[in-house]
Protein chains: 2
Amino acid sequence: MEADTLELESFLPYRLYRLADAVSREFSRVYKDRHGLTRPEWRTLAGLGQHGTMTATALGEQSAMHKTKVSRAVSRLERRRWLARKPDEKDRRVEHLTLTNAGLAAYREMVPLAKAFERELLSKLSTGERVAIAEGLAALEAALGR
Amino acid sequence: MEADTLELESFLPYRLYRLADAVSREFSRVYKDRHGLTRPEWRTLAGLGQHGTMTATALGEQSAMHKTKVSRAVSRLERRRWLARKPDEKDRRVEHLTLTNAGLAAYREMVPLAKAFERELLSKLSTGERVAIAEGLAALEAALGR
DNA sequence: CCAAATTGGTTTCGTTTGTAACCATCGAAA
DNA sequence: TTTCGATGGTTACAAACGAAACCAATTTGG
């Protein structure tokens, strides 16, 4: 533990990123291998599946995506006919996005897989460890939200 | 908490990624704003600063980077004269990488900033929360390592 | 020994990304 | 009203990325 050296393996930003990358990569099989979706597309699908109808801006806020990511994900899902846009009546800049039946079907198919993935990952932890990760993540999230 | 819906905000892969992204983005100021480094370049610097001399393969393993990322990061740091390559005597495929004085100077300048960043982030947590995140991350890392 | 498989590292190619500029629309203020 | 700043969303461009092909050197196994 020398003072002028940084131990990368225990450096929090690195550990977080590495972990997120590994988990995310593993989970991407669910949407990438099966349907050829990108992560932004999956998140868009997940946001709309969860909330029904959203604007692009709301999607970006909910799922922490840059507006260009949202824009591209939306147009690709639209081209695939998994979502449809409806112009807002009062404000013609805004579009309301909704999943089509096909999109909803895909979402419904993936939700159990996502839950199973999470469950299996957590099943490798003890109860105490599960509590720890939940508390730790929540604390970090709260710390960053300021 | 409906059965056929996934709550993205509490979905572990999403939370991890979002957190890692936010933290990493914030930390990138240290190497990006100051020196125009990319993350792979920073990690390469950090690996060599920590271990002295490494091969590209070892770098990739230590810092969880794809070999093409390592290759590109190394050549950019070399062009900047922050690191030098030395061919291996016995195996001519292998190159041993070391920081030059300039590279080492940059590393030494950034280490305290990195540590300060981490310290400040963790200072927003209670002692219990710090323990929790440490234990939780370690548990997840262990779970993935199998 | 020699062919085949493996390994260290680079390059090529198509895709994804972020930044910034952009277009259209809206709201507020003069 | 007209103007000006803010907002919703798209596009253009350059940089970064991953997969796969690649090259050269080395090891393995027959």
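All heavy atoms count here, side chains included; hydrogens, waters and symmetry mates do not. Since we're looking at a predicted model, the values are computed, not measured.
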Every protein N/O within reach of nucleotides 5-8 of chain D N/O, cut-off under 3.5 Å:
residue : atom : partner : partner atom : Å
D:dT7   : O2   : A:R93   : NH1          : 2.6

Integer-rounded Å distance: [N] [atom2] and [X] [atom1]:
X	N	atom1	atom2	answer
B:H66	C:dT10	NE2	P	13 Å
B:D88	D:dA25	CG	C1'	11 Å
A:K90	C:dC26	NZ	C1'	14 Å
A:L97	D:dT10	CG	C1'	14 Å
A:E78	D:dT10	CD	C1'	13 Å

Restricting to ring pair (Phe, Tyr, Trp, His ring centres under 6.0 Å), what partner residues turn up for B:F11, sequence neighbours left out? A:F27
Could I get the full list of ring pair (Phe, Tyr, Trp, His ring centres under 6.0 Å) partners for B:H35, not counting sequence neighbours? B:W82
Kindly state which residues belonging to residues 21-36 of chain B come within less than 4.0 angstrom of DNA chain C, counting heavy atoms of the residue only, listed by number. B:R25
Polar pairs (N or O, both sides) under 3.5 Å between protein and nucleotides 13-16 of chain D?
residue : atom : partner : partner atom : Å
D:dA16  : OP2  : B:R76   : NH1          : 3.2

Side-chain heavy atoms under 4.5 Å apart, restricted to Ile/Leu/Val/Met/Phe/Trp/Tyr: what other residues fall into the cluster of A:V131, or is it alone? none
Given B:E41, which partner from the list B:R76, B:K32, B:R72 fulfils the salt bridge (charged side-chain N to carboxylate O under 4.0 Å, His left out) test? B:R76
Would you call A:K86 and A:E95 a salt bridge, using N to O less than 4.0 angstrom? no
Tell me, please, which residues at least two apart from A:D91 pass side chain to side chain contact (heavy atoms under 4.5 Å, CB included). A:D88, A:R93, A:V94
Among residues at least two apart in sequence or on other chains, which ones pass side chain to side chain contact (heavy atoms under 4.5 Å, CB included) with A:R39? A:S24, A:Y31, A:R43, B:Y17
What pairs with [X] under salt bridge (Lys or Arg N to Asp or Glu O under 4.0 Å), at least two apart in sequence or on another chain?
X	result
A:R25	A:D21
A:E61	none
A:E9	none

Partners of A:R130 by side-chain hydrogen bond (donor to acceptor under 3.5 Å, both in side chains), sequence neighbours excluded? none
Contact class for A:R39 vs. all strands (heavy atom < 4.0 Å): base, sugar-phosphate, or nothing? nothing
